[in-house]
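Okay, structure first, notes after.
Everything numeric here is computed off the predicted structure, so don't read it as measured data.
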Amino acid sequence: LLANGSSIGTANTDASGQFSISGVVVTNDAILLYIDGDATYDATTVSISPGGMLSNIDLYVDHVITRHDNAGALSNANMSTAKGAYVDTEILYSVSGSALTVSGAATELYLPTSHSYTPGGNVTTPNMETLGTFSGGTGSITSSGALLVSGGTFTATSGTTSIGGAFTVSGGTYTHNSGTVTLAGTSSQAVSIGATSLNHVILNGGASNIITVTGTLDINGNLTATQLATINTGTLTVAGNVTSTDASVDGSAMITFDGTGAQALGAGGGTGALPAVTINKASGTLSLSDTIELDGSGGWTYTTGTVSAGTSTVVLNSASSLPVSSGAMSFNNVTYNMGASTTVTITGTMDINGNLTLTAADTINTGTMTVAGNLSSADSAVTGTAAITLDGTGAQSITATSADLPNGTLPINKASGTASLASNLTLNSAGQDLTVTAGTLDLAGFNLVLTSAGDVITVSNGATLQLQGGETVTAST
């Protein structure tokens with residue numbers, strides 16, 4: 001037993017683990033109990049003395065227990081006073097300035113029920129669990145392992161709380177205090193916080209970090225994805241901005257934009273990935289920028305709200321099949337770069353105000369893609385029933401050199417401007433008709449072939465199919 005850094009007594013436990021130490025302490029002495037001389041077990045407990053006898057004070061193996069037994073809140077300064085200049089590596093913490101560091105590979109910093117801990121500085125620990133009253137202040141809280149709030153009141157730091165293991169709120173209340181939570185795991189990391197809301201969240205673990213969300217991870221501020229691998233299950237609801245600078249983030253989780261004000265989705269000027277996106281904004285505008293890849297299985301869903309696509313590019317880049325239900329919103333550029341044996345299923349119309357590029361599309365089923373920019377394909381085997389309509393009011397080009405388009409129809413429906421072939425075009429599936437409803441389709445010296453019996457080329461009254469001379473046009477009708 002130490003009091004204000006001085007040893008005032010020792011005792012051996014009995015067979016049941018009970019002990020009693022006699023020593024002189026006065027009210028508000030900073031006291032420290034620890035296991036000394038055991039080759040297997042280490043444990044430390046720190047408190048403020050109420051004066052007189054103190055009973056039912058525990059030592060838990062591989063724990064630093066923070067208590068205050070005189071109706072106050074323990075601080076890092078109190079813990080520094082309790083240890084003083086006393087040196088023993090079996091005491092499982094140290095304090096430098098106002099910063100606490102808990103030692104040991106698996107030690108847990110533990111705040112029991114009915115006790116309070118206000119660090120007043122930074123905290124670094126392998127693990128942390130609170131059941132009492134914790135007030136993080138403005139310092140950083142770093143748990144390289146788990147953070148568990150299982151009772152009491154947890155008021156986070158207004159700075160950064162970094163968590164390398166599981167993040168669980170299973171009881172009590174968690175208040176974000178306008179701070180930032182960084183999920184910094186290097187492997188699997190579970191997040192289960194119930195109805196708790198966070199402020200800003202940063203995903204910055206290792207390249208193998210797999211985050212598994214149970215239920216909803218509600219983020220009232222911004223979400224930033226810097227480095228991770230996967231976000232699985234659950235929903236991340238975000239009221240602020242979302243920025244991903246990690247070009248590969250897959251998984252089954254959904255990122256839902258639900259803020260009522262202006263929001264932004266971008267990649268810091270480059271390319272960033274997310275597993276999936278849902279837009280469900282009661283008010284305000286979501287502005288897209290940069291190149292956003294969808295690497296997971298949830299696709300893109302629009303429910304309500306205003307979306308400004310700007311100059312952005314959305315890349316469907318999944319190794320899994322995914323849905324696209326974009327409703328009344330419009331994309332700028334869209335690129336398909338899907339994995340083998342995957343299907344993109346479009347509900348209704350996918351409106352693309354920029355360019356549509358099919359790098360690797362495999363199967364695109366149902367629905368219609370309306371394209372106001374250029375259409376190009378480099379995939380030699382695209383299947384599926386989706387239609388593509390060119391409806392831009394300016395010049396558009398169609399490029400499919402030794403490449404394919406989905407098997408739906410290809411209407412040209414332009415109020416003005418000309419759509420021109422930039423390569424030979426072959427439509428090779430039954431029912432894959434070409435209709436020039438309005439505007440001009442200029443073959444521009446390239447050949448046009450419809451290979452299936454019964455497929456037709458239709459040019460409506462007022463529309464134009466323009467040949468330069470020397471082209472070959474092949475169709476049954």
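Looking only at side-chain heavy atoms (C-beta outward), Ile231 and Leu203 come within less than 4.5 Å of each other. A 4.5 Å side-chain heavy-atom check between Asn333 and Thr357 finds every atom pair outside the cut-off. Under the 4.5 Å side-chain criterion, counting only non-hydrogen atoms from C-beta, Leu147 is not in contact with Val181. Side-chain contact between Ile364 and Ile346 is present, with at least one heavy-atom pair separated by less than 4.5 Å. Side-chain contact between Val307 and Lys281 is absent, with no heavy-atom pair separated by less than 4.5 Å. The side-chain heavy atoms of Ile8 and Val24, taken from C-beta on, include no pair separated by under 4.5 Å.
Thr383 OG1 to Asn365 CG: the interatomic distance, rounded to the nearest 0.5 Å, is 7.0 Å. Within the model, atoms CZ of Arg67 and OG1 of Thr113 stand 11.0 Å from one another, a figure rounded to the nearest 0.5 Å. Rounding to the nearest 0.5 Å gives a distance of 7.5 Å between OG1 of Thr342 and CG of Leu322. To the nearest 0.5 Å, atom CG of residue Leu148 and atom OH of residue Tyr110 are 9.5 Å apart. One finds the CE atom of Met53 at 7.0 Å from the OG atom of Ser20 (value rounded to the nearest 0.5 Å). One distance of note links CD1 of Ile210 with OG of Ser187; it measures 8.0 Å at 0.5 Å rounding.
Here the side chain of Asn317 pairs no donor or acceptor atom with the backbone of Asp295 at under 3.5 angstrom. With hydrogens and angles disregarded, a donor-acceptor distance shorter than 3.5 Å links the side chain of Ser283 to the backbone of Thr260. No donor-acceptor distance shorter than 3.5 angstrom exists from the side chain of Asn232 to the backbone of Gly251, with no hydrogens or angles considered. Side chain of Thr27 to backbone of Pro50: a donor-acceptor contact under 3.5 angstrom is found. For Asp246 (side chain) and Val249 (main-chain N/O), no donor-acceptor pair under 3.5 Å exists by modelled atom type. Here the side chain of Thr157 pairs a donor or acceptor atom with the backbone of Gly139 at under 3.5 angstrom. For Lys83 (side chain) and Tyr93 (main-chain N/O), a donor-acceptor pair under 3.5 Å exists by modelled atom type. Here the side chain of Gln189 pairs no donor or acceptor atom with the backbone of Gly205 at under 3.5 angstrom. Listed for the Asn4 side chain is a donor-acceptor partner under 3.5 Å among the backbone atoms of Ala30. Side chain of Gln396 to backbone of Gly373: a donor-acceptor contact under 3.5 angstrom is found.
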**Q.** Verdict with reasoning, Asp58 to His63, per side-chain contact (heavy atoms from CB on, under 4.5 Å)
**A.** CA-CA 10 Å; Asp58 299 317; His63 283 67; over 6 Å; no

Q | CA sep, side-chain torsions, deciding dist, call: Leu100, Val64, side-chain contact (heavy atoms from CB on, under 4.5 Å) | A | CA-CA 11 Å; Leu100 172 73; Val64 173; 6.0 Å; no

Q: Check step by step if side-chain contact (heavy atoms from CB on, under 4.5 Å) holds for Thr81 and Val95.
A: CA-CA 9 Å; Thr81 300; Val95 180; over 6 Å; no

**Q.** Steps toward side-chain contact (heavy atoms from CB on, under 4.5 Å) verdict (Tyr336, Val344)
**A.** CA-CA 9 Å; Tyr336 284 71; Val344 175; 3.8 Å; yes

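Taking the six-membered ring where the residue is Trp, Phe154 and Phe134 present parallel rings, their angle staying beneath 30° rather than reaching 60°.
Side-chain contact annotation: Thr370 with Asp351, donor-acceptor N/O pair under 3.5 Å present. In summary, the side chains of Ser47 and Asp69 do present a donor paired with an acceptor at a separation below 3.5 Å, with no hydrogens or angles considered. With no hydrogens or angles considered, a side-chain donor-acceptor pair links Ser16 and Asp14 at under 3.5 Å. Using a 3.5 Å distance cut-off with no hydrogens or angles, the side chains of Ser150 and Glu129 do pair a donor with an acceptor. A donor and an acceptor atom, one from each side chain of Thr168 and Ser192, are nowhere located under 3.5 Å apart. For the residue pair Asn76/Ser98, the side-chain donor-acceptor check at 3.5 Å is not satisfied. Asn220 and Asn199 form no side-chain donor-acceptor contact under 3.5 Å, judged by distance and modelled atom types alone. Counting only N and O atoms by type, the side chains of Asn374 and Ser397 include a donor and acceptor under 3.5 Å apart. A donor-acceptor pair shorter than 3.5 Å can be found between the side chains of Ser140 and Asn122. In summary, the side chains of Ser75 and Asn78 do present a donor paired with an acceptor at a separation below 3.5 Å, with no hydrogens or angles considered.
Contact between Leu111 and Tyr117 at its shortest, heavy atoms only, is CD1-CB, 3.8 Å. Across Gly268 and Thr243, no two heavy atoms sit closer than the pair N-CG2, 3.9 Å. Scanning all heavy atoms of the two residues, the minimum distance from Asp36 to Glu90 falls at OD1-OE1, 2.6 Å. Between Thr345 and Thr366 the shortest heavy-atom distance is CG2-OG1, 3.7 Å. For Ala309 against Ser330, the heavy-atom pair with the smallest separation is CB-O, 3.5 Å. A pairwise comparison of heavy atoms in Ala267 and Asp290 identifies N-OD2, 2.8 Å as the closest pair.
Checking Thr237, Thr235, Thr196 one by one against Asp218, the side-chain hydrogen bond (donor to acceptor under 3.5 Å, both in side chains) holds for a single residue, Thr237.
Residue Tyr86 qualifies as enclosed at atom OH: its count of foreign heavy atoms under 6.0 Å is above 12.
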